[in-house]
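Please read the structure below before turning to the comments.
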Amino acid sequence: MSNVEKNTSQNEKSKSLEDIFEAKIARDEKIEPKDWMPEKYRKTHIRQISQHAHSEIVGMLPEGNWISRAPSLRRKVALLAKVQDEAGHGLYLYSACETLGISREEMYEQLHSGKAKYSSIFNYPTLTWADMGAIGWLVDGAAIINQVPLCSTSFGPYARAMVRVCKEESFHQRQGYEIMMTLCNGTQEQKDMAQDALNRWWWPSLMMLGPTDDESIHTEQSMKWKLKRKTNDELRQQFIDQTVPQADILGLKIPDEDLKYNNDTGHYDFGKIDWDEFWQVVKGHGPCNKERLKARNEAWDNGAWVRDAAVAYAEKHTDDESIRKAI
Amino acid sequence: MKKNWPLWEVFVRSKNGLEHRHFGSLHAPDAEMAINNARDVYTRRNEGVSIWVVESKNIKASNPEHNGEMFEPAADKAYRHPTFYELPDDVEHM
C-alpha cells in the first residue's frame with residue numbers, strides 16, 4: 001500500500017470511529033476514559049475540567065480570608081466546611097481530569113505558572129464579612145446554574161464528579177443567603193454593608209456565566225458534546241430571573257438602573273455588562289490576580305518538605321501492619 | 001528530592017449490606033494516608049462505613065477496543081434467561 005493510500009484508509013477509519021463516537025453522544029451514552037475519543041474532545045475536556053478544578057482551589061482563598069474573623073462559632077464552622085468542600089471539589093475534578101491522560105503535576109504547574117485560567121470572579125477582594133454572604137448567595141448561585149447541566153455531560157468521570165459537587169453545593173448558597181438575611185435584619189450599618197457587598201459582586205457574578213453567545217468561541221462544539229446544555233446568555237438570564245426576587249426579599253437593590261421585568265418576554269431586561277472589565281481580569285489585570293497566584297505558589301512551595309517527608313516515611317514503612325488487608 | 005505521590009483508587013461501602021463501590025481517586029504517599037485522605041475527600045457527610053484503597057497501577061482493565069470479542073458472545077444466548085422457556089399459563093410458582 002502506498003503512503004497516500006495508507007493515509008486515506010487511516011482517515012476513513014478515524015472518520016468512522018468519529019461517527020460511532022458522535023452517535024454514542026447523540027444517544028446520551030457516556031464516554032469513559034479508555035474509550036476512543038477525538039483528540040479535540042480530549043483536549044477540550046482537559047481544558048475545561050482543569051480550569052474548573054483550579055477555580056475550586058483558588059476559590060478557597062477569598063473566603064479563607066474570613067475564617068478567623070467570622071462573627072460567631074456557627075458562622076465559622078459553616079464557612080470552614082464550605083471551604084473544605086471546595087478543596088474536595090477541586091480534588092474530585094483533578095482526578096476526573098487525570099483520567100484523560102494529563103498528570104496532576106502538569107495541572108498544578110499550569111496553575112502555578114499562570115498558564116491556566118480559573119474563574120475570574122476569584123480575582124476580586126473580600127473586603128467585609130458581608131462578602132461571605134454575597135459570595136455564597138451570588139457566586140455559588142451562578143456556579144450552581146452552570147454546574148447542574150454538567151451532571152449529564154457526556155464524559156463519565158466529569159458527570160460523576162459534578163453530581164457529587166452539586167449535591168454538596170446547595171448548602172453553600174443557603175449559608176450565604178442566611179448571612180445576607182441576618183445583616184439585612186440588623187442595624188442600618190449592617191444593612192448598608194450587605195448592600196455594598198451586593199453592589200460589588202453583582203456584575204462580576206453576571207460575567208461569571210461567560211462571554212455573550214456571539215463572543216463565545218467554544219459554545220457550538222460544547223453544545224454538541226453536551227459539555228454545555230444551555231448557552232451563556234440563557235444561563236445568565238436564568239440567574240437574573242431567579243436572583244432578583246431573592247434580592248427583593250432581602251430588601252436590597254440590585255445595582256442596575258435598567259433592570260426591569262418585561263411582561264412580554266416573562267424575563268428581566270438588564271443593563272449593559274462592562275465586558276472590558278471582564279477581559280481585563282481574564283488577562284490578569286484584576287484587583288487580586290497576582291495575590292491569588294502568589295498565595296497558591298507559596299502554599300505549594302512551603303508544603304514541599306511535608307510532601308517529601310511523607311514519601312520518605314512511606315518508603316521506610318512499605319508493609320505497615322496497622323492497615324488491614326481488604327480480602 | 002522530588003517524588004510525586006502515587007495515585008490511589010478509592011472504594012467505599014455506604015452501609016453494611018452493600019458492596020464497596022468505586023468513589024474516585026486521589027494522591028497519597030502510602031495506604032494509611034490514602035485512607036485518611038479518602039475519609040476527608042469522599043466521606044465528609046457520612047457517605048461510608050468502610051474504605052478500601054488500592055494503588056491505581058495495580059488495577060488491570062479490559063480494553064474497550066476488544067469489547068466485541070469480550071462481551072458480544074453473551075448477546076445471542078437468550079437460553080440463559082428464564083423467559084426463553086415457554087410454559088403453559090396455568091403452571092404456577094415457576
Side-chain angles (χ1 to χ4, degrees), chain A residues 17 20 24 31-37 80-82 84-85 87-99 103-109 156-157 160-161 163-165 167-168 171 303-327, chain B residues 1-14 16 18-72:
Chain A
L17 280 172
I20 295 168
K24 236 169 140 179
I31 307 300
E32 295 295 345
K34 300 231 180 288
D35 293 343
W36 184 90
M37 61 184 79
L80 202 52
K82 178 180 191 288
Q84 196 187 8
D85 273 353
H89 297 174
L91 293 175
Y92 306 155
L93 289 161
Y94 280 132
S95 299
C97 200
E98 276 173 272
T99 66
S103 72
R104 184 74 60 100
E105 291 69 34
E106 255 175 294
M107 287 188 273
Y108 285 164
E109 205 282 320
R160 290 193 286 275
V163 168
R164 200 168 285 132
V165 168
K167 244 189 234 167
E168 298 180 351
F171 117 69
W305 71 271
V306 180
R307 296 192 299 276
D308 289 347
V311 170
Y313 180 86
E315 280 170 351
K316 269 193 196 161
H317 300 77
T318 42
D319 201 10
D320 200 321
E321 291 290 310
S322 73
I323 300 289
R324 288 171 169 274
K325 289 245 163 54
I327 300 158
Chain B
M1 184 169 70
K2 173 87 173 80
K3 203 165 175 193
N4 295 316
W5 290 1
L7 188 66
W8 299 75
E9 299 303 321
V10 178
F11 300 83
V12 175
R13 185 200 298 286
S14 304
N16 276 11
L18 296 178
E19 64 279 69
H20 285 77
R21 197 166 60 80
H22 185 237
F23 261 46
S25 45
L26 50 75
H27 289 264
D30 58 28
E32 192 179 354
M33 273 190 70
I35 288 177
N36 287 335
N37 289 355
R39 198 270 313 255
D40 290 344
V41 177
Y42 292 106
T43 63
R44 289 193 300 284
R45 290 175 175 80
N46 296 315
E47 288 92 337
V49 294
S50 164
I51 296 174
W52 288 353
V53 292
V54 57
E55 234 187 292
S56 310
K57 68 174 186 197
N58 292 324
I59 291 187
K60 300 282 174 279
S62 65
N63 184 344
E65 279 172 30
H66 302 154
N67 273 8
E69 64 237 52
M70 273 293 269
F71 303 113
E72 272 168 26

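Proteins come first, then strands; the chains are lettered A, B, ... in the order of their sequence lines, and each starts at number 1.
Remark: B:Ser25 OG to B:Trp8 CH2 distance equals 12.5 Å, nearest 0.5 Å.
Proximity to chain A involves both the backbone and the side chain of B:Phe23, based on heavy atoms less than 4.5 angstrom apart. Proximity to chain B is limited to the side chain of A:Glu98, based on heavy atoms less than 4.5 angstrom apart. If you measure heavy-atom distances from A:Arg164 to chain B, the contacts under 4.5 Å come from the side chain alone. Residue contact with chain B, scored on non-hydrogen atoms closer than 4.5 Å, is absent for A:Tyr108. Using a 4.5 Å cut-off between heavy atoms, B:Glu65 makes no contact with chain A at all.
In this structure, B:Asn58 places its CG atom where more than 12 heavy-atom neighbours from other residues, nucleotides or ligands lie under 6.0 Å away.
A salt bridge does not link A:Lys316 with B:Asp30: none of the charged nitrogens is closer than 4.0 Å to a carboxylate oxygen. Between A:Glu32 and A:Arg160 a salt bridge is recorded (basic side-chain N to carboxylate O distance below 4.0 Å).
Side chain of B:Tyr42 to main chain of A:Gly88: no donor-acceptor pair is present (N/O by atom type, distance under 3.5 Å, no hydrogens or angles).
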